J.: 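Encoded as C-alpha cells, here's the structure I'll be asking about.
Naming convention: chains lettered A, B, ... in sequence-line order (proteins, then strands); numbering from 1 in each chain. Not measured: the values here are computed from a predicted model.
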2 protein chains.
Amino acid sequence: MKVKVIVTPKETVLDPQGAAVREAMQHLGFDAAQAVRIGRYLEIDLEGDAVVHEPKLRELCRDLLSNPVIEDYRIEMPNEKK
Amino acid sequence: MKVKVIVTPKETVLDPQGAAVREAMQHLGFDAAQAVRIGRYLEIDLEGDAVVHEPKLRELCRDLLSNPVIEDYRIEMPNEKK
C-alpha cells in the first residue's frame, strides 16, 4: 500500500530554491510562472493497513521527515479511506 | 492557477536518500515501511490558462526541473481539465 507524504515550506517562509527556479523559468521565456515553491515528495510502501499506521507515520513526519518550524507536511492515503 | 510538478527517481534507479529514510524509520520502530522513494514537489503559480502553458511547461520539466536520464516527472493540472 503506497502512502504519499508531501513536505512543503510554510507559506510565510521564504523559499530561495523556488525563487531561483522561477527566475530560471522566466529567463527561459516562461513568463507565466508567478511563483514557485519547492518541497519534498515521499512515496512510502507500507505493509498492512495504512489507517492503522497513520498515527506512527504522523509522528515520523514531525520528527524525521519535516522541520515543523519552517515546513508543513500532508499525508495522502490511497483512496482516502479515512 | 496552481500546477503541481512531481519529479521522482525512475523505478530502476537506486534511491540512496529513500533507503536512508527507510532505515531511519525502521530504527525508530516503524517496521511497516517496506520501501521509501524520495522526489521533488513543485507548486507553480501560473498566470492564465494552464492548458495553454502545458507544452512549454513540459519542455521546462525536461530541461530544467528534472534529469530525464534518472528521473520521471508528472504534471498535475488543477481539476485535470485536459
J.: Tell me which of these, A:Leu65, A:Ile6, A:Val7, has more heavy-atom pairs under 4.5 Å with chain B than the rest.
T.: A:Ile6
J.: Identify the heavy atoms of A:Val36 and B:Leu42 that sit nearest to each other, and give their distance.
T.: CG1-CD2, 4.0 Å
J.: Apart from A:Leu14 itself, what residues make up its hydrophobic cluster when side-chain heavy atoms of I, L, V, M, F, W and Y under 4.5 Å apart count as a link, directly or indirectly?
T.: none
J.: At a 4.5 Å cut-off on heavy atoms, which part of A:Ile38 comes close to chain B: side chain, backbone, both, or neither?
T.: both
J.: Check each atom of B:Ile44 against the heavy atoms of chain A and say whether the ones under 4.5 Å are side chain, backbone, both or neither.
T.: both
J.: Could you list every donor-acceptor pair linking chain B to chain A (distance under 3.5 Å, backbone and side chains)?
T.:
from    : atom 1 : to      : atom 2 : distance (Å)
B:Leu28 : O      : A:Lys56 : NZ     : 3.1
B:Ala32 : O      : A:Glu47 : N      : 2.9
B:Gln34 : N      : A:Asp45 : O      : 2.7
B:Ala35 : O      : A:Asp45 : N      : 2.8
B:Arg37 : N      : A:Glu43 : O      : 2.9
B:Arg37 : O      : A:Glu43 : N      : 2.9
B:Gly39 : N      : A:Tyr41 : O      : 2.6
B:Gly39 : O      : A:Tyr41 : N      : 2.9
B:Tyr41 : N      : A:Gly39 : O      : 2.9
B:Tyr41 : O      : A:Gly39 : N      : 2.6
B:Tyr41 : OH     : A:Arg74 : NH2    : 3.0
B:Glu43 : N      : A:Arg37 : O      : 2.9
B:Glu43 : O      : A:Arg37 : N      : 2.9
B:Asp45 : N      : A:Ala35 : O      : 2.8
B:Asp45 : O      : A:Gln34 : N      : 2.7
B:Glu47 : N      : A:Ala32 : O      : 2.9
B:Lys56 : NZ     : A:Leu28 : O      : 3.1
B:Arg74 : NH2    : A:Tyr41 : OH     : 3.0

J.: Using the rule that Ile, Leu, Val, Met, Phe, Trp and Tyr join whenever any side-chain heavy atoms are under 4.5 Å apart, tell me whether B:Val21 and B:Val13 fall into a single cluster.
T.: no
J.: Please flag which part of A:Leu60 lies under 4.5 Å from any non-hydrogen atom of chain B: side chain, backbone, both or neither.
T.: side chain
J.: Starting from B:Val52, walk the hydrophobic network (Ile, Leu, Val, Met, Phe, Trp, Tyr; side-chain heavy atoms closer than 4.5 Å) and list everyone else you reach, by chain and number.
T.: none
